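Counting from 1, the numbers follow the sequence of the chain as shown. These numbers were taken from a predicted model, which means no experiment stands behind them. Indexing begins at 1, ligand by ligand and atom by atom, following the structure's order.
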Amino acid sequence: MLNPGSPRPRRLRKNDSVRNLVRETGVQAADLIQPLFVIDGDGRPEPIGSMPGQFRHTIAGLCQECRELFDLGIQAVALFPSLEASLKSPGGEESCNEQTLVLRAIRPLKEAVPDMQVVAHIALDPYTTHGHDGVLTPDGQDVDNDRSVEILSRMAVLNAGAGADFVAPSDMMDGRIQAIREALDEEGMSRCGIIAYSAKYNSAYYGPFRDAVGSSKAAGTTLLSKAGYQLDPANARQAERELVLDELEGADILMVKPAGPYLDIIRLARETTTLPVAAYQVSGEYAQIHAAAQMGWLDLKRCRDESLLAIKRAGADLILTYFARDVAATLRGA
Ligand code: PBG
């Protein structure tokens, strides 16, 4: 027997009504951004093997998908082009082609669903033969930071001009947020916001994404590892520095990526800035839950919901997640 007056915290967990009353965190469709892959042509959507339920959409399919997402309550999408190999080059020139796939996709998407917030991916990896996020120095041993920033700024202006509501630089070059902010403002595009991938780690959890955009060719090998620009998973203080710098340079929203293995960094971001904090539950986090569920080892829906709740609890205001559509459908009772 407990003594009279002993604490009994279980009182607040005794039934659904009480648990619902005291619940601190929740995930809503409006918090979620659905990443979507785009391909050219007018065929059927291509399933992505390592990401069950995710597809590469044609432009027409993308517009239809966005209509359905918006009806489910998803109000933002992040676009990633998947280009045919012939359009890739060491310099990634296709990224600044005014007719490039993603620019041709944004206009019809905004016409189809004007209130859908479109987040444009600013990095060169879908466009380079080597899969790096920038162009390389002449000896091929490093990314050329400053030249890459120039190209990324141009890309940002083109994407904003096509109608993107946000540009999201995911390259981790130094100084890119300020350069992009200045380029956008000089071109009269001050309305376009910046979601900075500020604390982006050199993570093994990006594997399925690299399959999806075909950037895995060299990335991950010793020579072409992204360790020279993405953060070392061992470090938290460098993440804090990147977060502070990106805020000072003019970012509107700061992002941590991946999400689940970096909950401490999400909390750090929450405590470091007054800006909204985004977290990207990346392809590998999605894939591992699906894989275990397919084996019959984990419950897909419960792990999905728990993983997202944990990311919110850590302090994320918004979450990029491949589960966005499914979660919204569940919330709708669909
Ligand atoms: C590259 C980029 C990557 C992702 C988003 N942008 C992969 C990488 O850095 O190689 C990964 C997203 C995911 O895994 O879902 N700029």
Numbered atoms and elements of ligand 1 in range of [X], under 4.0 angstrom, heavy atoms:
X: A123; result: 16 (N)
X: D125; result: 1 (C), 2 (C), 16 (N)
X: Y280; result: 12 (C), 15 (O)
X: K257; result: 2 (C), 3 (C), 4 (C), 5 (C), 6 (N), 11 (C), 12 (C)
X: S283; result: 13 (C), 14 (O), 15 (O)

Can E94 and S89 be counted as having a side-chain donor-acceptor contact under 3.5 angstrom? no

Does a donor on one side chain and an acceptor on the other come within less than 3.5 Å for R67 and Q64? yes

What part of D133, side chain from CB on, backbone N/CA/C/O, both or neither, has a heavy atom under 4.0 Å from ligand 1? side chain

Test the K200-Y206 pair against the cation-pi criterion, namely NZ or CZ under 6.0 angstrom from the six-membered ring centroid and within 45° of the ring axis. yes

Residue R19 excluded, over 12 heavy atoms near CZ under 6.0 Å: yes

Kindly indicate, with the supporting measurements, whether the criterion ring-ring contact (aromatic ring centres under 6.0 Å, His included) is fulfilled by F323 and H290. CA-CA 10 Å; F323 287 122; H290 267 283; 5.7 Å; yes

Taking the non-hydrogen atoms of [X], is any one of them nearer than 4.0 angstrom to ligand 1?
X: Y322; answer: yes
X: K200; answer: yes
X: E285; answer: no

Going by distance only, is there an N or O of Y197 that falls short of 3.5 Å from an N or O of ligand 1? no

For A120 against A164, the heavy-atom pair lying closest together: CB-CB, 3.9 Å

Give a yes or no on whether L254 and I122 share a hydrophobic cluster (residues Ile, Leu, Val, Met, Phe, Trp, Tyr; joining criterion: side-chain heavy atoms under 4.5 Å apart). no

